[in-house]
Amino acid sequence: MTDQPAFYDDLAGCLAEAWRRLEEGAAHQSGFHAPALATIGRDGAPRLRTVVLRGVDRASRTLRVHCDARSDKAAEIAADPRVALHVYDAAAKIQVRIEGRARLHGQDALARAAWAASRPMSRVCYGTVPGPGTPLPAGGAYALPEDAAAGEAGFAEFRVVVLTAARLDFLYLARQGHRRALFRWDGEAPAATWLAP
């Protein structure tokens with residue numbers, strides 16, 4: 001029998017491992033860097049897309065991604081802040097699903113700090129005309145900012161999405177037996193339980 005990781009039969013360890021992997025993902029160091037974010041569409045249907053994990057704060061149970069104010073994602077979060085995040089790292093055989101509420105930040109101190117920390121090549125996206133999801137007559141019928149000053153104008157469309165986790169489902173796949181744990185927060189301390197995988 002092969003050795004299992006320290007978190008294998010430890011609920012608190014599973015939660016710590018989930019947050020550790022998310023933190024690594026925000027630092028571009030793992031398969032957790034590009035999770036999928038689900039929102040509720042304006043028609044009530046689920047919407048799913050890949051995002052880049054930009055920040056994680058374990059103490060406040062928050063995760064940060066960025067989006068364009070003109071995107072469906074921003075409109076959907078503004079209309080209904082319930083969201084879910086899913087990430088699976090095939091090499092680690094770990095899946096994490098998070099449900100919670102998201103809040104949009106634009107043109108405030110949080111957005112300014114995130115903008116300042118973003119690479120110039122990332123900022124360019126927010127100055128694209130027309131905005132995300134606009135129908136085009138041809139694949140390349142959109143314009144990117146022509147210079148740095150035009151790129152900086154994209155800040156008006158830049159939004160920071162802060163997801164506060166209310167529920168975290170952790171799954172580790174192992175030949176000797178999978179482990180699945182659920183964590184829920186009604187207050188500061190999580191309620192934790194094992195689940196059948």
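Note that the numbering runs from 1 along the sequence shown for the chain.
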Checklist entry - Under 4.5 Å between any side-chain heavy atoms of Asp89 and Val87, yes or no? => result no
Item to check | Contact check, side chains of Glu17 and Pro5, non-hydrogen atoms, under 4.5 Å | outcome: no
Checklist outcome for this item: When rounded to the nearest 0.5 Å, the distance separating NE2 of His178 from CD of Gln95 is 11.0 Å
Checklist entry - Is the closest side-chain donor-acceptor distance between Arg184 and Thr193 under 3.5 Å? => result no
Next on the checklist: Any side-chain to backbone donor/acceptor pair from Arg70 onto Pro132? Under 3.5 Å, distance only.
Outcome noted: no
Next on the checklist: Any heavy-atom pair between the side chains of Leu182 and Arg167 that's under 4.5 Å?
Outcome noted: yes
Item to check | Asp147 atom CG, neighbour heavy-atom count above 12 within 6.0 Å | outcome: yes
Item to check | Distance (rounded to the nearest 0.5 Å) between Thr62 OG1 and Arg103 CZ | outcome: 12.0 Å
Item to check | Closest non-hydrogen atom pair between Ala111 and Phe155, with its separation | outcome: O-CE1, 3.7 Å
Checklist entry - For the hydrophobic clusters of this structure (ILVMFWY residues joined by side-chain heavy atoms under 4.5 Å, transitively), does one cluster hold both Leu85 and Val96? => result yes
Next on the checklist: Once salt bridge (charged side-chain N to carboxylate O under 4.0 Å, His left out) is applied, what residue pairs with a partner in residues 112-128 remain, sequence neighbours excluded?
Outcome noted: Arg123-Glu152
Checklist entry - Side-chain contact, heavy-atom cut-off 4.5 Å: Thr128 with Asp68? => result no
Checklist entry - side chain to side chain contact (heavy atoms under 4.5 Å, CB included) between Ile98 and Leu22: does it pass, once the steps are laid out? => result CA-CA 11 Å; Ile98 295 173; Leu22 290 162; 3.8 Å; yes
Item to check | Distance in Å, Arg47 CZ paired with Lys73 NZ, rounded so as to fall on 0.5 Å steps | outcome: 13.0 Å
Item to check | Co-membership, hydrophobic cluster, residues Leu168 and Val65, 4.5 Å side-chain | outcome: yes
Checklist entry - Are Leu136 and Tyr126 co-members of a hydrophobic cluster defined by side-chain heavy atoms under 4.5 Å apart? => result no
Next on the checklist: For a side chain to side chain contact (heavy atoms under 4.5 Å, CB included) check, start with the C-alpha distance between Val161 and Val51, then their side-chain angles and the critical distance, and finish with the verdict.
Outcome noted: CA-CA 11 Å; Val161 179; Val51 294; over 6 Å; no
Next on the checklist: Count I, L, V, M, F, W, Y as connected when their side-chain heavy atoms are under 4.5 Å apart, and connections chain through other members. Are Phe170 and Trp19 then in the same cluster?
Outcome noted: yes
Next on the checklist: Assess whether a salt bridge exists between Asp72 and Arg42, defined as any Lys/Arg side-chain N lying under 4.0 Å from an Asp/Glu carboxylate O.
Outcome noted: yes
Checklist entry - Does a side-chain N-to-carboxylate-O contact under 4.0 Å join Arg20 and Glu23? => result no
Item to check | Side chain to side chain, Leu195 and Asp169, heavy atoms closer than 4.5 Å | outcome: yes
Item to check | Within one Ile-Leu-Val-Met-Phe-Trp-Tyr cluster: Leu110 and Leu53, side-chain cutoff 4.5 Å | outcome: no
Next on the checklist: So which atom in Pro190 and which in Trp185 form the shortest heavy-atom distance, rounded to 0.1 Å?
Outcome noted: CB-NE1, 3.3 Å
Item to check | Value rounded to 0.5 Å, distance of CZ in Phe183 from SG in Cys14 | outcome: 5.5 Å
Checklist entry - Which pair of non-hydrogen atoms, one from Tyr142 and one from Pro130, has the smallest distance, and what is that distance? => result CB-CD, 4.0 Å
Next on the checklist: Distance check, rounded to the nearest 0.5 Å: Arg159 atom CZ versus Ile77 atom CD1?
Outcome noted: 11.5 Å
Checklist outcome for this item: To the nearest 0.5 Å, atom NE2 of His33 lies from atom OG1 of Thr50 at 11.5 Å
Item to check | Check: Arg61 side chain, Ala165 main-chain N or O, donor-acceptor pair, under 3.5 Å | outcome: yes
Next on the checklist: Looking at Arg180, I'd like to know if its CZ atom is crowded, meaning that more than 12 non-hydrogen atoms belonging to other residues, nucleotides or ligands lie closer than 6.0 Å.
Outcome noted: yes
Item to check | Arg82, CZ: over 12 other non-hydrogen atoms inside 6.0 angstrom | outcome: no
Next on the checklist: If you apply the rule side chain to side chain contact (heavy atoms under 4.5 Å, CB included), what do you find for Cys125 with His66, and how did you get there?
Outcome noted: CA-CA 11 Å; Cys125 300; His66 301 161; over 6 Å; no
Checklist entry - Quick one: does Glu76's side chain get under 4.5 Å of Ile40's, heavy atoms only? => result no
Checklist entry - Can you find a pair of side-chain heavy atoms, one from Cys67 and one from Leu104, that are under 4.5 Å apart? => result yes
Next on the checklist: Under a plain distance cut-off of 3.5 Å, with no hydrogens placed, do Tyr172 and Arg179 share a side-chain donor-acceptor pair?
Outcome noted: no
Checklist entry - Heavy-atom distance under 4.5 Å between the side chains of Phe32 and Ile94, does that happen here? => result yes
